[in-house]
Amino acid sequence: MTVTLADVAARAQVSPATVSRVLNGNYPVATSTRERVLKAVDELDYVLNGPASALAAATSDLVGILVNDIADPFFGIMASAIQSEIGGPGGRAGGERLAVVCNTGGSPERELTYLTLLQRQRAAAVVLTGGAMENEPHAAAVASKLRKLTDAGTRVVLCGRPPAPDTAAIALAFDNRGGGQRLTEHLIGLGHRRLGYIAGPEERTTTRHRLEGHRAALAAAGIEEDPRSTMWGRYDRTSGYEATLELLRRDPSLTAVVAANDSVALGACAALRESGLRIPEDVSVAGFDDLPFSVDAVPALTTVRLPLAEAGARAGRIAMGREEPPPGGTATVRGELMVRGSSGVPRG
């Protein structure tokens, strides 16, 4: 059932005129009253009616791009590619569309807040990038928001995250599981049997899928995984540095470190060098994503290249209606193993 301005007024115990004044910001309202109205808007998930032209078109000229951390090249590359496909004529009356990058900081609450704000603004399209949270209540809340967006005429594209069942969102999902398996198979093929793994945050689908790929490779080779060989942390250099020192403390005979992404791998390399170990002569290192700095690392990182720019551009075109969605609404985007100087035959 559609929530009306009168419903918000009743919940906040004010007149409809007061609700209108708060939402339009064109008349002074007491702070306590304003807070009650905004709280009622959030609780009822009220969508503000836009101008008549927006109502006629069902959507506005706004396009939302949700990222975990815009300072992370993984998200920055995708956001830039998405935005490059949004520019130019195509909005209402032939005008430009406005792309807004929403930085969630990894907060599930911020993700939901941004989706609500974009719904209220009747966004023409919303693109969500990167992995999803492994949390059932949050996943259900996100799915509900996506359904409301698509029901209102907003195109929703998931770029680099798994499909959202029972929604009309288009998904371009990265094959993190397959990439993780090929990466570890490469190291096993070189002769490594004592491998440490530095995973990302436990609550992320990307983390789980890459680790599942790693474990599948170990199992296929008949290598029993030591529970102490896996560390968890953030997707950053500091996490890789600290986790590698701990892995070496647990098992000084380690011959390879597999990192959740390239930033983590750089931290692992720093920890190994400070520990007096050579890469790859003593310990091999592998990352994931093939971010721009990976090839310039010393030695250059063995990693899995995800086509971030290509996937982002495709997501942008689908969001703008300039490319047909994949059959069934879902496509798997596979990575490419990039073998470089940071991996080699184990010592001894």
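Reckoned from all heavy atoms, side chains included, excluding hydrogens, waters and symmetry mates. Model, not experiment: these values are computed from the prediction.
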Colleague: Find the distance between CD (Glu225) and CG (Leu195) and round it off to the nearest 0.5 Å.
Modeller: 10.0 Å
Colleague: Taking Gly76's backbone N and O only, do any of them form a donor-acceptor pair with Ser80's side chain (distance below 3.5 Å, no angle check)?
Modeller: no
Colleague: For Ala140, does its backbone N or O pair with a side-chain atom of Ser144 as donor and acceptor, under 3.5 Å?
Modeller: no
Colleague: Flag the pair Val37 / Val29 as yes when at least one side-chain heavy-atom distance between them is below 4.5 Å, and no otherwise.
Modeller: no
Colleague: Are the side chains of Asp290 and Leu306 in touch, meaning some heavy atoms are under 4.5 Å apart?
Modeller: no
Colleague: Using a strict threshold of under 4.0 Å (side-chain N to carboxylate O), is an ion pair present between Glu246 and Arg249?
Modeller: yes
Colleague: Output yes when Asp72 and Arg234 qualify as a salt bridge under the 4.0 Å nitrogen-oxygen rule, no when they do not.
Modeller: no
Colleague: Please evaluate residues Leu115 and Leu149 with respect to the criterion side-chain contact (heavy atoms from CB on, under 4.5 Å), reporting the C-alpha separation (whole Å), side-chain torsions for both, the decisive distance (0.1 Å), and the verdict.
Modeller: CA-CA 8 Å; Leu115 290 175; Leu149 283 163; 4.1 Å; yes
Colleague: Can you measure from CG (Asp289) to OG (Ser294) and round to the nearest 0.5 angstrom?
Modeller: 8.0 Å
Colleague: If only atom types and distance count, is the side chain of Arg204 paired as donor or acceptor with the main-chain N or O of Gly131 below 3.5 Å?
Modeller: yes
Colleague: With the side chain counted from C-beta on, respond yes when Thr330 and Leu158 share a heavy-atom pair under 4.5 Å apart, and no when they do not.
Modeller: no
Colleague: List the atom of Tyr46, the atom of Thr4, and the distance in Å for their closest heavy-atom pair.
Modeller: CE1-C, 3.7 Å
Colleague: Decide whether His186 and Ser343 meet the rule of one side-chain donor and one side-chain acceptor closer than 3.5 Å.
Modeller: yes
Colleague: Minimum heavy-atom separation for Leu183 and Gly287, please, with both atom names.
Modeller: CD2-O, 2.9 Å
Colleague: Using modelled atom types only, decide if a donor and an acceptor are shared between the side chain of Thr184 and the backbone of Gln181 within a distance under 3.5 Å.
Modeller: no
Colleague: Could you check whether any side-chain heavy atom of Ile318 comes within less than 4.5 Å of a side-chain heavy atom of Arg155, counting everything from C-beta outward?
Modeller: no
Colleague: Measuring from atom CD1 of Ile77 to atom CD1 of Ile82, what distance do you get when rounded to the nearest 0.5 angstrom?
Modeller: 12.0 Å
Colleague: Counting only N and O atoms by type, is there a donor-acceptor contact under 3.5 Å from the side chain of Thr154 to the main-chain atoms of Ala125?
Modeller: no
Colleague: Would you say the side chain of Asn261 lies within less than 4.5 Å of the side chain of Thr206, judging by non-hydrogen atoms?
Modeller: no
Colleague: In Å, rounded to the nearest 0.5 Å, how long is the span from OG1 of Thr303 to CG of Asp262?
Modeller: 3.5 Å
Colleague: When rounded to the nearest 0.5 angstrom, what is the spacing between CZ in Arg210 and CG in Asn176?
Modeller: 4.5 Å
Colleague: Side-chain heavy atoms nearer than 4.5 Å, only ILVMFWY residues, links allowed to pass through others: does that put Leu44 and Leu5 together?
Modeller: yes
Colleague: Using a strict 4.0 Å threshold on nitrogen-to-oxygen distance, state whether Arg305 and Glu310 make a salt bridge.
Modeller: yes
Colleague: Is the closest side-chain heavy-atom distance between Leu254 and Thr244 below 4.5 Å?
Modeller: no
Colleague: Does a sphere of radius 6.0 Å around CD in Gln13 hold more than 12 heavy atoms from other residues, nucleotides or ligands, not counting ones at 6.0 Å or beyond?
Modeller: no
Colleague: Answer whether the closest heavy-atom distance between the side chains of Val126 and Tyr114 falls below 4.5 Å.
Modeller: no
Colleague: If you compare all heavy atoms of Leu146 against all heavy atoms of Ala169, which two are closest, and at what distance to 0.1 Å?
Modeller: CD1-CB, 4.3 Å
Colleague: For residues 126-138, which residue pairs qualify under side chain to side chain donor-acceptor pair (under 3.5 Å), counting only residues two or more places apart or in two chains?
Modeller: Glu111-His138, Glu134-Arg208
Colleague: Do Leu66 and Val127 land in one hydrophobic cluster if side-chain heavy atoms of ILVMFWY residues count as linked below 4.5 Å?
Modeller: no
Colleague: Is Val3 reachable from Leu117 through a run of hydrophobic residues whose side-chain heavy atoms are each under 4.5 Å from the next?
Modeller: no
Colleague: Looking at Ala311 and Leu172, what are the two nearest heavy atoms and their distance?
Modeller: O-CD1, 3.7 Å
Colleague: Arg340 side chain to Leu301 main-chain N or O, any donor-acceptor pair under 3.5 Å?
Modeller: yes
Colleague: So Ile223 and Ile188, side-chain contact (heavy atoms from CB on, under 4.5 Å) or not? Walk me through it.
Modeller: CA-CA 9 Å; Ile223 301 173; Ile188 292 172; 3.9 Å; yes
Colleague: Going by distance alone, is a donor N or O of one side chain under 3.5 Å from an acceptor N or O of the other, for Glu274 and Tyr241?
Modeller: yes
Colleague: Under 3.5 Å, side chain of Arg182 to main-chain N/O of Gly335, donor-acceptor pair present?
Modeller: yes
Colleague: Show the nearest heavy-atom pair for residues Glu85 and Met320, with the distance to one decimal.
Modeller: O-CG, 3.7 Å
Colleague: Which atom pair, heavy atoms only, marks the closest approach of Phe75 to Gly130?
Modeller: CE2-CA, 3.8 Å
Colleague: Is there a side-chain contact (heavy atoms from CB on, under 4.5 Å) between Phe174 and Leu308 once you walk through the steps?
Modeller: CA-CA 9 Å; Phe174 291 150; Leu308 300 175; 3.8 Å; yes
Colleague: Do any N or O atoms from the side chain of His192 and from the backbone of Leu187 form a donor-acceptor pair under 3.5 angstrom?
Modeller: no
Colleague: Any chance CG of Asp166 has more than 12 other-residue heavy atoms, nucleotides or ligands included, within less than 6.0 Å?
Modeller: no
Colleague: Under a 3.5 Å distance rule, please check whether Thr332 uses its side chain to pair with a backbone N or O of Ala173 as donor and acceptor.
Modeller: no
Colleague: Which distance, rounded to the nearest 0.5 Å, do you find between the CG of Asp69 and the CZ of Phe74?
Modeller: 11.5 Å
Colleague: Under the 3.5 angstrom rule, does the side chain of Arg250 hit a backbone N or O of Arg228 as a donor-acceptor pair?
Modeller: yes
Colleague: Are Leu98 and Leu128 in one and the same hydrophobic cluster, where Ile, Leu, Val, Met, Phe, Trp and Tyr link if side-chain heavy atoms are under 4.5 Å apart?
Modeller: yes
Colleague: Side chains of Glu203 and Pro108: does their closest heavy-atom pair fall under 4.5 Å?
Modeller: no
Colleague: Do Leu245 and Ile198 share a hydrophobic cluster, counting only Ile, Leu, Val, Met, Phe, Trp and Tyr and linking them when any side-chain heavy atoms are less than 4.5 Å apart?
Modeller: no
Colleague: Evaluate Thr207 against Glu202 for side-chain contact (heavy atoms from CB on, under 4.5 Å), listing each step before the verdict.
Modeller: CA-CA 6 Å; Thr207 298; Glu202 289 190 68; 5.7 Å; no
